[in-house]
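Starting from 1, each residue takes its place in the sequence as its number. One-based numbering, in listed order, for ligands and for the atoms of each. Nothing here was measured: the structure is a model prediction, and the numbers come from that model.
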Amino acid sequence: MQPQRLALAALALLAAGGVVSSCSRQRGDQLRLGAGIALTGNAGLLGQDARTGLDLAQGHYADRAPGLELQLEDTGSDEAGATVAFRRLINAKPVAILGPSLSQQGFAVMPMADRAGIPVIGVSTTAEGIPQIGPFVARVASPVTVVAPLSLAKAVQLHPGIQRVAVFFAQDDAFCTSETQIFQRAIRAKGLELVAVQRTSVSDTDFHIPITNVLRSRPQLVVISALVSDGGNLVRQLRELGYSGPIVAGNGLNTPNIYPVCQRHCDGLMITQAYNPKLDNASNRTLLAGFRRGRAADAVPPQVTAQAFTAYQVVHEALATLKGSLPQGTTLTSLPLPELRQRLLKTLLAGTYQTPLGQLRFTPEGDVLQRDFSVARVQMNPDGRSGRFVQLP
Ligand code: 1QQ
């Protein structure tokens, strides 16, 4: 880059202040869209996937009306960071907010957006109870109630002799405690024996004692509800301590960013996917083409990347529909902001969307209605550092 260009780029960065990224092309109906995503910490390993999806959506919709200026704030991985980020976003007067990454954060900050009358669309918040937080809360991430039983059913189908099941769950995370309840219910419903229920923490790195305890109960299947870093270490240490049976992992490990953590021991992990890269619709073709630019020709976007792209898409399409319904001469920006937000929410929840996650609709409460799911198995390459999620038939 030439020195002059470098100076301009530096100035642009300075002007952005605390904002991680902001696209501020001015035009007629220019609206601000907020996004509060975990870009750092344990959940940052999932939030970075979301950022990729938001960047791709922003690039795709850049030239389509209405213009959206994306303001992305890093929530970190806890409630305190999410609160700071959401306060900043709410003060920026956005038309809607996407995020946060974790349900644990969602229960803390989605009520803030709800009270401010700002539609808040969960990108990856899957715990039970998220849409019920308030009327302005919705999500594009299918709930654990739908997603978790699928991987368990697939594991039982592939290993029909299984009787004894152990579960691990991070007790200090709202999603993990929600997900493990669904897993445990599904285990009992299949007539399997729950031989151990082991609590962990999202900040744990050493699992030798809990694993040794659990292995005494001789499980034939292990089911894990954790986040990326703790969950990945747990998987690796389970294998190192001699457990060789199947492992079902929950949504907190649903990212290729687990590979450097559990390395070759990630191989064989089974995880439900709310995204099927083989889906043939215009939106998924756009996502795939954008994602593969600069990557391998068959690179597959992570689930959370597809979910973030989808969250942006549904807001953009709902705004375009709303714009089309206004009387001649009225623009979106001419509506008072509280009214615009309310009408956006109503339009968004009434719509049907063809997204990378397949056809989506919403319940009146704001929960997503998605039809297509699959279960993937992680297949690691011989280098033990790279791999892929392979959809099981
Ligand atoms: C939640 C989740 C996350 C683990 C996915 C990013 O599903 O917190 O609800």
Polar proximity ligand 1 side, Thr126 side, N/O cut 3.5 Å exclusive: yes
Interatomic spacing from CG in Asn91 to CZ in Phe86 - rounded to 0.5 Å: 13.0 Å
Residue pair Leu287 / Thr305, side-chain heavy-atom distance below 4.5 Å: yes
Structural part of Asn254 in contact with ligand 1, heavy atom criterion under 4.0 angstrom: neither
Main-chain N/O of Asn254 paired with Asn251 side-chain donor or acceptor, under 3.5 Å: no
Candidate with minimal heavy-atom separation from atom 9 (O) of ligand 1, of Ser103, Ser101, Ala38: Ser103
Ser124, any N or O under 3.5 Å of ligand 1 N or O: yes
Numbered atoms of ligand 1 (with element) below 4.0 Å of Leu227, judged on heavy atoms: 4 (C)
Pairwise side-chain contact, Asn276 with Asp372, heavy-atom cut-off 4.5 Å (strictly under): no
Close-contact set for ligand 1 against Ala127 heavy atoms, below 4.0 Å: 9 (O)
same_hphob_cluster(Leu102, Met110) at 4.5 Å side-chain heavy-atom cutoff: no
Between Gln198 and Asn213, a side-chain donor and acceptor under 3.5 Å: no
Atoms in ligand 1 flagged as close to Thr125, the criterion being non-hydrogen separation under 4.0 Å: 9 (O)
